[in-house]
Amino acid sequence: MEENLKDRLFMKKESGWKSVDENEKKNIFELSKKYIDFLNVSKTEREFIKSARKLADENGFKDIMEFESLKPGDKIYFVNRDKSMYLAVIGEDSIEKGLHIIGSHVDSPRLDLKPNPLIEEGGLAYFKTHYYGGIKKYQWTTIPLSIHGVLVKTNGEKINVNIGEDENDPIFTITDLLPHLAQNQMEKKLKDGVEGENLSLLVGSMPYDEKECSEQVKLNILNILNQKYGITEADFNSSELELVPQFKARTLGLDESMIAAYGQDDKVCAFTSLAAMMELGNVKTTAVCILSDKEEIGSMGNTGMESHMFDFFISEMLNKLGVNRPNLLDKVFCFSKMLSSDVDAGYDPLYASVSDKNNAGFIGKGISINKYTGARGKSGASDANAEFVAWVRNILEKNNILYQVAELGKVDIGGGGTIAYILANKGADVIDCGVPVLSMHAPYEVTSKFDVYSAYRTYKAFWNE
Ligand code: MN
Ligand code: MN
C-alpha cells in the first residue's frame with residue numbers, strides 16, 4: 001500500500017492551531033484584541049454602524065453622496081438610517097462583470113423596551129420588554145443588563161442612551177424565582193419556564209418624596225429621566241431602547257485561544273469583513289461590504305436586507321460611474337458573487353447528539369462554509385452551485401486558508417437561515433461562509449481566535465481575487 005495514501009486522499013480536519021507559527025499566532029491575537037475592543041463599544045446595530053463609519057472615515061472612505069462621479073480605486077459607503085451600512089471599493093474591471101459582495105448582519109438577539117415600558121408593581125418599577133430574535137428566555141434572567149439606544153422627541157431632538165457600560169453606571173437585571181418556591185416552574189418545559197411577558201427589567205424601588213400620590217416609585221424614575229434627558233413618559237413612544245448583556249467581551253480559556261462576548265452572531269463576521277475591507281488596495285472586481293440590520297427577525301423593514309436600499313446604493317454607484325442604463329442593475333447582480341458571512345453552529349461536545357460530526361463546523365478548525373442552510377429537507381435553503389463552491393474552495397486553498405464545509409445540525413433536528421437567499425434571488429452566486437460559534441444567541445457566545453483570523457483572511461482573499 002502506498003505509504004501516504006491516506007494523507008493524500010483523506011480530507012484533513014485538524015485544529016488550525018497545529019499549523020500556526022509564533023508570528024502567525026501574534027497576528028491572530030492582535031486581530032482578536034482589536035475585535036474585542038471593537039465589540040465593547042459596538043453592542044447594538046446603531047453602535048456598530050457608528051464605530052464602522054468612524055473606522056471607514058479614518059481609512060479614506062467617503063459617503064457616496066459626496067461624490068459627483070466615481071472611478072476605480074474610490075472608497076465609498078452609505079449609511080442607512082444609522083442601522084445598516086454598505087461600503088465599496090470600486091474595481092478596475094467593468095462593473096458589468098459583477099461585484100464581489102460580502103454580507104453580514106450587525107443586529108443580535110436582545111430585549112427591546114415596549115413602547116409604553118414603565119410600570120410600577122408592588123413598590124418596584126419595571127421596564128416591560130419584547131424580545132428581539134430567537135432567544136432562550138431563561139438565559140436573560142439574573143444577568144447584568146445595560147440599556148442602549150435612542151429616544152427621539154417630537155421636535156426631532158435625538159438622545160443617545162447608554163447606561164450600564166461605564167463602571168460608575170448602575171446596571172439592571174431581570175429577577176427569577178428562588179429554587180425554594182420554584183417547584184411549579186421547574187416542572188414546566190424549559191421554553192415555558194420564563195414567560196416573555198415576565199422579562200421585565202427592574203429599574204427602581206425608591207418612592208418620590210410626596211404625599212397623596214400613587215405610583216411614587218414610577219414617578220421617581222420619570223423624574224430622574226426628566227432631569228437627565230428632559231423627557232416625559234410619552235417620549236418612550238418614539239424610542240428604540242435595547243437591553244443587552246453588560247458583560248465585556250473577553251479572552252476565554254487558560255490557553256487564551258477563544259473569545260467570549262455578546263452578539264458575536266453576527267458581529268464577528270461583520271467586524272472581520274469590515275477589517276478586511278479597510279485594508280484593501282486596488283481591486284480588480286468592485287468589492288462590496290454589507291452590514292445589514294434586522295436579520296434576526298427576518299430581514300424585513302427598510303434597514304433589513306429585503307429592502308430596496310441596497311439596490312439604491314448599487315444604482316447610485318452605477319449612476320456615478322456614468323455607465324447606468326435600463327436593467328443594468330439586474331445584470332450586475334446576475335454576474336455577482338457573494339459570501340454571506342454569517343456564523344455557523346459550532347460542534348459542542350456537551351450537546352453532540354444534535355450534530356452530524358462528519359458535517360459539523362468545529363471551533364478552531366477554520367472558516368465554516370455552509371453550502372446550504374434551511375431545515376428538514378433543506379426547506380427555505382439557498383443551495384450554492386457546486387461550480388461556485390469549487391471556485392470558493394480554490395481561493396481558500398491557493399491562499400492556504402483552513403476551511404470546513406458544514407451544515408447546521410442533524411437533518412431532522414432543525415436549521416436556520418441567513419441573508420444568502422436574498423442576494424441569490426437577485427441572481428448572484430451566494431454561499432454562507434462564517435465563523436463557528438458555541439452558545440449561539442445566548443447572552444455570552446464563544447468563538448475561536450483562530451477562526452476569527454481565518455474569516456478575516458478569507459474575506460480579504462475573496463475581494464482580492
Ligand atoms: Mn446570524
Ligand atoms: Mn442569529
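Start at 1 and go down the list; that is how both ligands and their atoms are numbered.
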**Request:** Output yes when a side-chain donor or acceptor of K267 lies under 3.5 Å from a complementary backbone atom of K43, and no otherwise.
**Result:**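 Yes: the side chain of K267 pairs with the backbone of K43.
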**Prompt:** OG/S84 to CZ/R46 distance, rounded to the nearest 0.5 angstrom?
**Reply:**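 Rounded to the nearest 0.5 Å, the OG-CZ separation comes to 11.0 Å.
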**Request:** Tell me the protein N, O or S atoms under 2.8 Å from the Mn ion (ligand 2), in chain and number order.
**Result:**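 Listed by chain and number: D265 OD2, E296 OE1, E296 OE2, H441 NE2.
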**Request:** May I ask you to check whether W391 and H100 place their ring centres under 6.0 Å from each other?
**Result:**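 Yes: the rings meet the under 6.0 Å criterion.
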**Asked** What do you reckon, are the aromatic ring centroids of Y453 and F450 less than 6.0 Å apart?
**Response**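 Ring centroids of Y453 and F450 are no less than 6.0 Å from each other.
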**Item:** Partners meeting side-chain contact (heavy atoms from CB on, under 4.5 Å) with D21 (sequence neighbours left out)
**Value:**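 Applying side-chain contact (heavy atoms from CB on, under 4.5 Å) to D21 gives N23, E24.
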**Message:** Between E66 and K62 (salt bridge meaning N to carboxylate O under 4.0 Å), is one present in this structure?
**Reply:**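 Salt bridge: no.
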